[in-house]
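Here is how names work: the chains are called A, B, and so on, in the same order as the sequence lines, proteins then strands, and each is numbered from 1.
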There are 2 protein chains.
Amino acid sequence: MPKTKKAAPVRGPRKAGPEATRQKILDAAEILFAERGFHSVSVRDITTAAGVDVALINYHFGSKQLLFETVFMRRAELLNAERLRRLEAVVQRAKPRAPKVEEIIDAFTHPLLDRSARGGPGWKAYFALIAQVNNSTEFGGLMMTRYFDPVVHAFIAALRRAFPGCDERELYWSYHFLSGALTLTFAETGRIDNLSQGACRSNDLDSVHERLVPYVAAGFRALCSKSSATNVRRKRRVL
Amino acid sequence: MPKTKKAAPVRGPRKAGPEATRQKILDAAEILFAERGFHSVSVRDITTAAGVDVALINYHFGSKQLLFETVFMRRAELLNAERLRRLEAVVQRAKPRAPKVEEIIDAFTHPLLDRSARGGPGWKAYFALIAQVNNSTEFGGLMMTRYFDPVVHAFIAALRRAFPGCDERELYWSYHFLSGALTLTFAETGRIDNLSQGACRSNDLDSVHERLVPYVAAGFRALCSKSSATNVRRKRRVL
DNA sequence: TGGTTAATTCAACGGTCGATGAAATCTAAT
DNA sequence: ATTAGATTTCATCGACCGTTGAATTAACCA
């Protein structure tokens with residue numbers, strides 16, 4: 001780990017500097033972790049791709065595991081800021097009424113899908129990584145909770161206003177289904193391309209978003225609208 | 001690899017036999033792969049858990065990778081048979097009318113969620129493994145396609161009858177969202193437990209199923225009903 | 001310019017990885 | 001009982017793993 005004595009002097013025109021090294025490592029790690037997962041990428045794979053010495057991962061990040069968490073955190077903070085801002089804007093703009101469900105969902109999903117589509121390969125790899133972590137038994141619960149909980153709570157709070165009197169469980173399960181649909185989209189596995197014989201393309205995220213929002217909105221309404229009466233009827237019908 | 005000379009004699013009451021060894025390895029591998037992923041489980045981890053010699057994985061399965069695929073295939077065949085049977089029954093029972101969307105979805109999801117809930121730890125681990133594979137960039141497209149395509153095509157075909165004249169892409173994307181919601185459920189990461197502060201439990205799969213069916217059915221209807229008119233309006237509204 | 005410290009390089013550590021060849025054991029049919 | 005083949009055990013292979021201490025280079029300050 002580097003000594004952090006005098007918070008980044010860097011005044012003269014450096015050749016590259018330690019910050020550039022850090023970023024090169026993070027960029028390479030991000031792509032490799034996304035492509036092949038945490039355990040099947042070696043620190044030598046990363047440093048070779050980044051064009052730096054192997055020892056620099058442990059010097060700058062402490063360990064491979066801590067590098068992984070740094071990769072995860074780097075873009076999470078940018079995302080959280082924008083998503084919270086958008087959610088807040090949607091809620092404020094609608095006052096004193098509750099916001100439209102579609103607008104809430106859009107504020108939650110658009111910052112992600114837009115960056116995955118147009119933010120460059122770093123963002124694309126980052127979201128593929130999220131897709132893996134979200135569905136992983138070993139990392140899923142902990143890391144997603146640590147870095148994304150504030151946004152999700154704000155999202156649920158906005159929906160709570162849109163569905164007054166709705167049972168909390170309906171809101172959380174509805175979010176759960178959205179989370180699954182969204183993160184599978186990030187993975188871009190190409191499966192839908194094969195299935196549809198080319199009619200759908202995994203990397204056409206605009207088409208996905210255009211459909212995800214009304215799909216999920218309809219799901220939320222089915223579970224969360226006038227909950228008591230609907231739920232009684234529903235429980236009779238299924239199974 | 002074992003020589004397959006005379007397809008399983010096994011008449012007398014054997015001590016254990018090679019088939020028992022194979023099953024012990026598969027059972028141990030299934031659980032470990034589900035818990036920690038393919039790359040972070042060593043063949044020694046598996047053989048130790050199974051109580052057999054390390055060399056037996058390569059003898060019976062050829063390699064670690066082929067063992068992984070065997071684990072994947074073993075239960076897939078059982079599942080596919082029942083799901084195809086259920087889908088066929090739903091379609092036949094409704095004739096000459098189209099089946100109800102909820103019934104089609106139930107035929108697709110119930111065999112999975114029911115086994116994950118009540119099939120024992122082997123089935124639970126298996127579905128957690130599916131959750132990882134489905135969202136993995138390296139395995140996702142290929143393995144899911146290889147083992148589950150027939151069922152998905154039958155599922156889409158049934159839905160095509162329920163939504164006559166619907167654009168194919170709407171059907172496939174709707175399936176995509178269902179796939180994401182369903183597989184995240186299998187992972188049982190505990191994230192929803194944390195988020196909801198205990199109001200929802202990841203392992204309460206009956207509650208999930210009870211909600212997944214109407215949620216997804218509403219999503220399908222939003223995208224696939226009287227598609228042309230609805231879609232024109234939808235594309236204006238979003239983004 | 002000399003001294004201090006951060007950043008980088010290099011070589012190597014002990015450990016574990018997946019896989020395999022040879023020997024030993026067991027099973028089944030003669 | 002003998003024999004042939006299937007199964008299991010054992011020891012070990014070379015390769016790669018994450019990490020680290022020591023040596024080297026570069027940047028800053030007095």
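With C:dT8, D:dT12, D:dT19 as the choices, the nucleotide that has an atom nearest any side-chain atom of A:Tyr59 turns out to be C:dT8. Distances were taken from every side-chain heavy atom of B:Ser63 (C-beta onward) to each of C:dC10, C:dG21, C:dA19; the shortest belongs to C:dA19. Closest approach to the B:Leu56 side chain among C:dA7, C:dA19, D:dT9 is made by D:dT9 (side chain taken as heavy atoms from C-beta onward). Comparing D:dT19, C:dA19, C:dT20 by their nearest atom to the side chain of A:Lys64 picks out D:dT19.
Checking B:Ser179 against B:Asn134 by side-chain atom types alone, a donor-acceptor pair falls below 3.5 Å. Between the side chains of A:Arg36 and A:Gln132, no donor-acceptor pair is found at a separation under 3.5 Å.
By the salt bridge (Lys or Arg N to Asp or Glu O under 4.0 Å) test, A:Asp193 pairs with no residue at all, sequence neighbours left out. Residues forming a salt bridge (Lys or Arg N to Asp or Glu O under 4.0 Å) with A:Lys64 (at least two apart in sequence, or on another chain): none. In this structure, the salt bridge (Lys or Arg N to Asp or Glu O under 4.0 Å) partners of A:Glu82, at least two apart in sequence or on a different chain, are A:Arg86, A:Arg115. By the salt bridge (Lys or Arg N to Asp or Glu O under 4.0 Å) test, A:Arg83 is found to be paired with no residue, residues two or more places apart in sequence or in another chain being considered.
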Please list, one pair per line, the donor and acceptor atoms closer than 3.5 Å that link side chains of residues 141-152 of chain A to other protein atoms, with sequence neighbours excluded.
unit_1: A:Thr145; atom_1: OG1; unit_2: A:Gly141; atom_2: O; d: 2.7
unit_1: A:Thr145; atom_1: OG1; unit_2: B:Arg191; atom_2: NH1; d: 3.2
unit_1: A:Asp149; atom_1: OD1; unit_2: B:Arg191; atom_2: NH1; d: 2.9

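Considering only side-chain N and O atoms, B:His60 lies under 4.0 angstrom from the phosphate OP1 or OP2 of D:dT8. Phosphate contact (OP1/OP2 of C:dT8, side-chain N/O of A:Thr21, threshold under 4.0 Å): present.
Taking atom CD1 on A:Ile57 and atom C1' on D:dT19, their separation rounds to 11 Å, with Å as the unit. Rounded to an integer number of Å, the gap from CD1 of A:Ile46 to C1' of D:dC16 is 15 Å. Note: CZ (B:Arg44) to P (C:dA19) measures 10 Å, nearest angstrom. Rounding to whole angstrom units, CG of residue B:Asp53 and C1' of C:dA19 are separated by 12 Å. Atom CD of A:Gln65 and atom C1' of D:dC17 are 15 Å apart (whole Å). One interatomic measurement links the two molecules: CG of B:Asn58 to P of C:dA22, which rounds to 16 Å at whole-angstrom precision. Taking atom CD on A:Glu19 and atom C1' on D:dA27, their separation rounds to 16 Å, with Å as the unit.
DNA chain D lies under 4.0 Å from at least one heavy atom of each of the following residues of residues 23-43 of chain A: A:Val41, A:Ser42, A:Val43.
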